[in-house]
Amino acid sequence: MGKITGFLEFDRKDETYAPVKERIKNYKEFTKPLKEGELKNQGARCMDCGIPFCHSGCPLGNLIPDFNDAVYRGKWEKAAKILHSTNNFPEFTGRLCPAPCEEACVLGINEPAVSIENIEKNIVETAFKNGWIQPEPPTIRTEKKIAVVGSGPAGLAAAQQLNRAGHNVTVFERDEKPGGLLRYGIPDFKMEKNVIDRRLEVMEKEGIEFRTGVHVGVDVTAKELQNDFDSIVLCGGATVRRTLPVPGADAKGVVQAMDFLPQNNRKVDGIPFKGEDISAKGKKVIVIGGGDTGSDCIGTSIRQGATSVTNFEIMPKGTPDRPDGQPWPFWPMRLRTSTSHKEGAERVFSISTKRFNADKEGNLTSLVTVEVEWIKQPGQRPMLKEVEGTEKEWECDLVLLALGFTGSETTVADQLNLELDTRTNIKASEENYKTNVPGVFAAGDQRRGQSLIVWAISEGRQAAHYVDKYLMGESDLPLKGEGDLPRV
Ligand SMILES: Cc1cc2nc3c(=O)[nH]c(=O)nc-3n(C[C@H](O)[C@H](O)[C@H](O)COP(=O)(O)OP(=O)(O)OC[C@H]3O[C@@H](n4cnc5c(N)ncnc54)[C@H](O)[C@@H]3O)c2cc1C
Ligand code: SF4
């Protein structure tokens, strides 16, 4: 695969970024792609390693050495076909995936891994540029009608697969445009929204119907869907936000990240938003939570004109290298620094918020923290312990809570009498994505809990296979890793 001596000849080379001063002036993507020759060399670094662990590192089972080889040989159209045979939307994962495949790359044991994610992005962008991504409507339609609830990556993947099997697919989305967190969570500087729109155009031409502004469970009941459709696939995401139940958390200026980020994405898109305008302009901002959402709050606050941005993380600071006890090819918990972190945020680790302070009008003025340590006893989970005498007050006028999600909303599940797990996600086995109600399936964050785009696409594809099988008795829709290697 690739060039047999490629990994000895070429170093890893990543795309570069526009300078911070320039990029924070707007919300556009700011990556600068490698030249075609450089990309071929990156594909050439893929070794003939024998057992490509990257396949199992990727939740989609992407056929990584095969598309790397095609890129090395300049066969971009073939690379695009291989890539799309396992992944409906590589333009999303190529920009946003944390790339567990690269952590599992064999070359990564003692050298920088093959730059799989970036190669993936360039394959799909080349394919769009050359008009190779065309609608693939089914040649024969079945009589079956399927309702997909939710248009995030899980719903979109399930819809595209089921439509390709010939079924009549309607996607219900309560927001004004489809995309889920791709559109209303992830900021444009990580992925501009025309990237979603051009894919939706292909899907509409394939015959998928999108009904936006329809809240299932409210505007139309789940029972009505059950009567009108042969099957329902629930892909509503894990939308219940974790709160911070400490004194003063109701102060004006303590805001959920998922009130702040979707509003800003709507502003960027020129769509009216509901509720009070939340702005970081001229404010001392503290972002509580160190994950993707926290990082997106940092980049957005900086672009809105915050005077300072501080980021709290309750976990200790990791090391940039793989920690002991988390060996290759597993996903390591190490220090990850995003492009937003590099735009001017101060990061503070091992810190916990004790209370918020407000003025007489109830406006946030400061918060109080304490340092924490994690005590690990053999055989037990690490316990959080406050470090005495470390209380500190931080002046601030906007706090963004980016603490993750505790589960999914239950309106639709209640209307259908679906079983839930302890986190209110819908119970459906990974074996077949079936809920306890015949004909009703669940996939993505609403089934597995807060996760990743790559997992959502993977679950949408898997669920589509089992829905097709439920309706038709058998299915040709591929399961994980059952991609095609075209001869072109
Ligand atoms: C701010 C943020 C940044 C992130 N960044 C990354 C990242 O960089 N990389 C990554 O891999 N992952 C990231 N994630 C996680 C990733 O976005 C999710 O794991 C993924 O979007 C889940 O896909 P999904 O299709 O299951 O659900 P979602 O994307 O949440 O989509 C669910 C959709 O269902 C709709 N819906 C829900 N209930 C109903 C109903 N009753 N009727 C009609 N519509 C309904 C919702 O409006 C929504 O559009 C991020 C998450 C957040 C919040
Ligand atoms: S989808 Fe993610 S894990 Fe899979 S090959 Fe692409 S970057 Fe790697």
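Counting starts at 1 for both ligands and their atoms, in listed order. Quick caveat, the model's predicted, so the values are computed rather than measured.
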- Note on the structure: Note: ligand 1 atoms sitting under 4.0 Å from heavy atoms of His215 are 40 (C), 41 (N), 42 (N)

- Task: Tell me yes or no: between the side chains of His167 and Asp468, is some donor less than 3.5 Å from an acceptor?
- Result: yes

- Item | Atoms of ligand 1 close to Gly444 [distance to a heavy atom under 4.0 angstrom, numbered from 1] | 26 (O)

- Task: From the options Gly152, Pro153, Ala413, select the one whose nearest heavy atom is closest to atom 21 (O) of ligand 1.
- Result: Pro153

- Message: On the six-membered ring of Phe229, is Lys145 placed so that its NZ or CZ lies under 6.0 angstrom from the centre and within 45° of the ring axis?
- Response: yes

- Regarding Asn425 and Gln446, is there a side-chain donor-to-acceptor distance under 3.5 Å anywhere? no

- For Asp445 and Ser451, test the side chains for any donor-to-acceptor distance below 3.5 angstrom and give the result as yes or no. no

- Task: Answer yes or no on whether Arg303 is positioned over the face of Phe189, meaning its NZ or CZ is under 6.0 Å from the six-membered ring centre and within 45° of the axis.
- Result: yes

- Answer with yes or no whether Val218 contacts ligand 1, where contact means a heavy atom under 4.0 Å from a ligand atom. no

- Item | Check ion pair Arg183-Asp197 (N to O, under 4.0 angstrom) | yes

- Message: List ligand 1 atoms under 4.0 Å from Leu261, heavy atoms only on the residue side.
- Response: 1 (C)

- Task: Can you pull out the closest protein heavy atom to atom 25 (O) of ligand 1? Residue, atom name and distance to 0.1 Å, please.
- Result: Ala154 N, 2.9 Å

- Please state which protein non-hydrogen atom is closest to atom 10 (C) of ligand 1 and give its distance, to 0.1 Å? Ile453 CD1, 3.5 Å

- Checking only N/O/S atoms, does Cys58 have one that is under 2.8 Å from atom 8 (Fe) of ligand 2? no

- Per-atom contacts of ligand 2 with Val454, taking only distances under 4.0 Å to non-hydrogen atoms: 1 (S)

- Look at ligand 1 and say whether Gly217 reaches it with a heavy atom at a distance under 4.0 Å. no

- Task: Go through ligand 2 atom by atom and flag the ones less than 4.0 Å from a non-hydrogen atom of Thr93.
- Result: 1 (S)

- Message: Is it the case that the side chains of Glu15 and Asn122 hold a donor-acceptor pair, with the cut-off being a distance below 3.5 Å and no angle test?
- Response: no

- Among protein heavy atoms, which sits nearest to atom 47 (O) of ligand 1, and what does the distance come to when rounded to 0.1 Å? Glu173 OE2, 2.7 Å

- Task: Mark up the atoms of ligand 2 that fall under 4.0 Å of a heavy atom belonging to Asn62, in ascending order.
- Result: 1 (S), 4 (Fe), 5 (S), 6 (Fe)

- Under a 4.0 Å N-O cut-off, is there an ion pair linking Asp14 with Arg12? yes

- Message: Distance under 4.0 Å to a non-hydrogen atom of Ala456: what atoms of ligand 1 satisfy this?
- Response: 22 (C), 23 (O)

- Message: Taking Lys75 first and then Asp69, would you say they form a salt bridge - that is, a charged N and a carboxylate O separated by under 4.0 Å?
- Response: no

- Message: Please determine whether a side-chain nitrogen of the Lys or Arg among Glu91 and Lys121 lies less than 4.0 Å from a carboxylate oxygen of the Asp or Glu.
- Response: no

- Message: Which label fits Phe441 and Tyr470: parallel for a plane angle under 30°, tilted from 30 to 60°, or perpendicular past 60°?
- Response: perpendicular

- May I ask you to say whether Glu201 pairs ionically with Arg199, meaning some side-chain N is under 4.0 Å from a carboxylate O? no

- Task: Could you list which atoms of ligand 1 come closer than 4.0 Å to a heavy atom of Asp292?
- Result: 4 (C), 5 (N), 6 (C), 7 (C), 8 (O), 9 (N), 13 (C)

- Query: With atoms numbered from 1 as shown, which atoms in ligand 1 lie under 4.0 angstrom from a non-hydrogen atom of Gly180?
  - Reply: 29 (O), 31 (O), 48 (C), 49 (O)

- Message: Just checking: Glu120, one of its N/O/S atoms, less than 2.8 Å away from atom 6 (Fe) of ligand 2, yes or no?
- Response: yes

- Query: Do any nitrogen or oxygen atoms of Leu181 come within less than 3.5 Å of a nitrogen or oxygen of ligand 1?
  - Reply: yes

- Face-on cation placement of Lys267 at Phe273 ring, 6.0 Å and 45° thresholds: yes

- May I ask whether Phe405 places a heavy atom under 4.0 Å from ligand 1? yes

- Message: Between Glu409 and Arg174, does any NZ, NE, NH1 or NH2 come within less than 4.0 Å of an OD or OE carboxylate oxygen?
- Response: yes

- Atoms of ligand 1, numbered as shown, that sit under 4.0 Å from any heavy atom of Val412: 41 (N)

- Task: For atom 9 (N) of ligand 1, find the nearest protein heavy atom and state the residue, atom name and distance (0.1 Å precision).
- Result: Leu96 O, 2.8 Å

- Item | Proximity winner for atom 32 (C) of ligand 1, if only heavy atoms of Gly150, Cys235, Pro100, Gly213 are counted | Cys235

- Query: Atom CG of Leu416 and atom OG1 of Thr435: how far apart are they, to the nearest 0.5 Å?
  - Reply: 7.5 Å

- atom 3 (C) of ligand 1: closest protein heavy atom, distance to 0.1 Å, is Asp296 OD2, 3.1 Å

- Axial cation check for Phe405 ring with Arg242, 6.0 Å and 45° limits: no

- Who's the nearest protein heavy-atom neighbour of atom 36 (N) of ligand 1, and how far? Arg174 NE, 3.8 Å

- Please indicate whether any nitrogen or oxygen in Val216 is less than 3.5 Å from any nitrogen or oxygen in ligand 1. yes

- Message: If only side-chain N and O atoms count, and only distance matters, is there a donor-acceptor pair under 3.5 Å linking Glu36 with Trp76?
- Response: yes

- Query: Any nitrogen or oxygen of Gln446, main chain or side chain, under 3.5 Å from a nitrogen or oxygen of ligand 1?
  - Reply: no

- So for Cys97 against ligand 2, with non-hydrogen atoms under 4.0 Å, the contacting part is side chain

- Task: Give a yes or no on whether a salt bridge exists between Glu103 and Arg336, defined as a side-chain N under 4.0 angstrom from a carboxylate O.
- Result: yes

- Query: Out of curiosity, is Lys190 lining ligand 1, as in a heavy atom under 4.0 Å away?
  - Reply: yes

- Which heavy atom of the protein is the closest neighbour of atom 18 (C) of ligand 1, given with residue, atom name and distance? Asp445 OD2, 3.3 Å

- Query: What protein heavy atom is closest to atom 4 (C) of ligand 1, reported as residue, atom name and distance in Å?
  - Reply: Ile186 CG1, 3.6 Å

- Query: Between Thr239 and ligand 1, is there a nitrogen or oxygen pair with a distance under 3.5 Å?
  - Reply: no

